[in-house]
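A quick write-up on the structure given underneath.
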Amino acid sequence: MEVFQLLSRGGARFDKQRFKSDVQLFTKTDLKTAKEKTEPVTQDSELPAELDFFKYAQGAPGKRKAANAETTSSSVLQPSGVRRKRRKVGQEDDHSDDDGYTGAEDDTARPKHRVKSKGSDIPLPVEAFDTLLDRYKMAPRLLSNLRDNGYTHPTGVQAHGIPILLQRRDLAAISPTGTGKTLSYLLPIMSSLGAPISSQGDESGSGVRAVVLAPTRELAHQIHNECLKLAVGRKWRVVLFSKATASTLRDKGVRDKVDIIISTPLRLVASIQEGNLDLNNVRHLILDEADRLLDTEFVAQVQEVVAACTYPDVQKAVFSATLPAGVEKLAMGMLRNPIRIVVGLKDTPLPLISQSLTYVADDASKLPSLLTYLAQPYNPPLLIFTSTQPRATSLAEELTLNGIPNVDCLHAGMTQKERDDAVSRMRCGQSWVMVSTEVMARGMDFKGVREVINYDFPTSVQSYIHRIGRTGRAGREGKAVTYFTDADAPYLKSIANVLLQSGSTVPDWMLKLPKPSRLKKKEMGKVKRAETVNAARKIGRSDAIKKRDMIAGSKRRKAKDHVARDETESGSG
DNA sequence: AAAAAAC
């Protein structure tokens with residue numbers, strides 16, 4: 001019954017305490033440059049242990065009921081012939097002492113992940129942050145700032161990645177969502193830069209010394225906040241690049257005295273082209289969400305930034321939770337003698353996120369399904385993803401019209417102020433239901449989010465992994481529900497495989513769905529037009545069979561759903 | 001495979 005208390009959550013009540021860390025995070029966001037600060041940014045002691053990010057980071061025991069939660073949630077789709085398979089973890093040079101993801105049966109250990117490293121002369125990982133003091137002569141101030149923010153034990157990507165970057169090596173790091181990638185590059189950058197440029201003479205040259213690129217403004221903003229926390233106590237000039245800051249820098253003529261710029265690609269490109277920004281002294285260039293930054297619409301901009309960083313020894317590093325083979329090749333081509341690290345299994349979400357796929361027939365059935373879902377107790381704030389901006393707007397309106405409280409919307413079609421306000425409401429817990437587009441899918445760290453709903457089916461495996469990765473962060477558990485319609489059938493199989501890989505249960509028929517035609521093309525090499533058409537017909541034919549199965553599955557699901565609902569009601573009442 | 005995001 002303890003399980004039900006956890007799952008039924010007693011309605012959509014808002015607990016201020018839960019958002020304490022986010023509230024504090026948000027209150028720091030107005031700073032543009034780090035100022036002298038003596039007090040710690042957070043006071044962990046006031047946070048309930050369960051909600052304290054940093055406790056998880058250091059590996060304190062957490063309440064994890066993942067096994068139970070998963071069972072309950074996946075009973076939504078639990079037909080006969082369920083297949084459950086856990087992929088074997090490969091050989092690796094891991095220093096850690098357990099076997100990959102910890103199962104839910106172990107309640108005391110923090111989730112650790114195997115780390116695979118590839119490359120020449122790979123530096124030893126650090127088992128503690130303090131090791132950085134002796135081995136790399138890291139400034140004590142940086143380490144005390146870490147401590148003050150509650151970081152006491154490095155995660156896998158931090159333990160392996162930080163030494164690599166400190167030894168001035170190029171790096172490609174793949175680590176699951178919510179495992180602390182931001183700190184993995186910020187800490188070594190700030191350590192390598194040494195003193196802030198404002199306190200240095202001319203020996204370090206002038207101009208920007210480090211650049212961090214991110215695909216959305218919201219993410220750049222968040223990285224900036226993280227950076228400010230590490231910069232406390234020293235006069236670092238850390239600039240979140242925007243139209244406003246770009247002109248400020250230009251007007252005040254202080255652009256030569258900047259340590260770190262955090263920006264979206266196009267903003268930087270614009271400034272470079274206007275002749276207002278010189279990147280020839282950049283020593284460190286980081287691509288966060290690298291696969292996103294290197295996909296077709298962004299890659300030209302990113303390459304322009306890379307080309308503008310003409311310092312001979314510029315260190316480059318790419319980070320993401322996902323890195324498809326083609327993009328990885330592109331990334332590796334940019335790097336010099338790189339080391340590649342993979343934490344956990346590539347393209348696999350965290351097992352602490354309990355995932356389920358819910359059949360909703362067609363688009364018209366989605367809203368009623370969601371309203372039914374929201375009529376039951378849920379766990380605010382809830383993050384809902386739609387495929388387009390208009391759909392996000394109208395869904396938010398519909399939900400409000402249907403009496404759902406505190407519904408918010410966030411997409412890139414809104415004004416900057418609207419976007420900023422929406423993020424603030426999310427950070428301080430005023431949003432109970434946030435409807436958003438892909439803009440929120442990557443990197444955003446809302447610590448309170450326990451549930452993600454894919455209202456519209458994600459358009460790629462990567463999108464799926466990043467979207468559901470908005471929950472289950474820093475060792476917490478999370479829940480992800482994905483609606484699928486008949487129209488989504490062609491892409492269902494690839495997502496079903498993701499569930500399978502991360503230890504969720506998946507009905508057999510989903511895995512037996514035909515491969516998307518493009519994969520077939522690849523297998524066969526050059527395919528003639530006629531064959532492609534035939535393949536398409538084949539898929540079309542099996543669609544009918546799939547549909548039959550889906551409907552059958554949906555009936556089973558509904559039956560189970562009723563049972564689950566009854567149990568929940570009696571459990572929480 | 002396709003929309004979103006970037007200014």
Side-chain angles (χ1 to χ4, degrees), chain A residues 211-223 240-247 250 261-277 287-306 320 324 326-327 363 384-395 409-416 418-420 422-423 435-444 454-464 466-467 470 484-485 487-495 513-522 532 535-536 539-540 543:
Chain A
V211 169
V212 177
L213 288 184
T216 64
R217 292 180 201 153
E218 282 76 13
L219 183 53
H221 197 299
Q222 179 181 288
I223 295 165
L240 174 61
F241 217 50
S242 67
K243 217 165 205 161
T245 49
S247 58
R250 188 184 53 228
I261 277 184
I262 298 150
S263 178
T264 52
L266 199 50
R267 181 62 259 169
L268 273 193
V269 169
S271 288
I272 293 167
Q273 287 174 351
E274 287 163 12
N276 295 325
L277 184 67
L287 307 188
D288 203 346
E289 307 297 345
D291 53 335
R292 178 72 187 91
L293 288 177
L294 292 173
D295 79 13
T296 46
E297 303 82 353
F298 264 127
V299 69
Q301 300 163 23
V302 171
Q303 276 167 344
E304 190 162 345
V305 173
V306 171
S320 185
V327 184
D363 195 54
I384 301 178
F385 284 102
T386 64
S387 60
T388 67
Q389 295 178 5
R391 282 176 66 80
T393 308
S394 63
L395 178 58
C409 182
L410 176 45
H411 59 68
M414 293 159 47
T415 66
Q416 191 55 51
E418 288 170 332
R419 289 170 70 167
D420 290 346
V423 172
V435 185
S436 184
T437 60
E438 210 62 19
V439 72
M440 283 289 99
R442 283 171 177 264
M444 295 311 294
N454 286 316
Y455 187 78
D456 291 331
F457 206 71
T459 54
S460 70
V461 164
Q462 287 75 30
S463 163
Y464 176 76
H466 287 277
R467 282 179 177 190
R470 294 321 94 212
F484 67 96
T485 64
D488 300 318
Y491 316 105
L492 187 55
K493 181 193 173 118
S494 56
I495 304 297
L513 290 170
K515 285 182 193 169
S517 53
R518 207 169 62 89
L519 290 178
K520 264 191 180 154
K521 247 194 220 168
K522 256 190 183 167
T532 314
I539 290 160
D543 260 342

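Throughout, protein chains are lettered first and strands after them, A, B, ... in sequence-line order, and every chain is numbered starting at 1. Reckoned from all heavy atoms, side chains included, excluding hydrogens, waters and symmetry mates.
With rounding to whole Å, Phe298(A) atom CZ is found 17 Å from dA3(B) atom P. Protein atom CE of Met444(A) is 13 Å distant from nucleotide atom P of dA5(B), rounded to whole Å. Atom CG in Leu287(A) sits roughly 16 Å away from atom C1' in dA5(B) (whole-Å rounding). Distance CD (Gln301(A)) to P (dA5(B)): 14 Å, rounded to an integer number of Å.
A donor-acceptor contact under 3.5 Å is formed by the side chain of Arg292(A) with the base of dA4(B). Judged by atom type and distance alone, Gln389(A) does not reach the base of dA3(B) through any side-chain donor-acceptor pair under 3.5 Å. A donor-acceptor contact under 3.5 Å is not formed by the side chain of Arg217(A) with the base of dA5(B).
Under 4.0 angstrom from either OP1 or OP2 of dA5(B) there lies at least one side-chain N or O belonging to Thr437(A). Contact annotation: Thr264(A) reaches the phosphate of dC7(B) (side-chain N/O to OP1 or OP2, under 4.0 Å).
Looking only at side-chain heavy atoms (C-beta outward), His466(A) and Arg292(A) stay at 4.5 Å or farther from each other.
Within the 4.0 angstrom heavy-atom criterion, only backbone atoms of the sugar-phosphate kind lie near Pro215(A); the bases stay farther away. Heavy atoms of Arg391(A) sit nowhere under 4.0 angstrom from any nucleic acid atom.
By the salt bridge (Lys or Arg N to Asp or Glu O under 4.0 Å) test, Asp288(A) pairs with no residue at all, sequence neighbours left out. Contacts of Arg391(A) classified as salt bridge (Lys or Arg N to Asp or Glu O under 4.0 Å), with partners at least two apart in sequence or in another chain: Asp363(A), Asp456(A).
The backbone N or O of Ser242(A) sits less than 3.5 Å from a side-chain atom of Thr245(A), completing a donor-acceptor pair.
Counting only heavy atoms from C-beta on, Arg419(A) has its side chain closest to dA6(B) among dA4(B), dC7(B), dA6(B).
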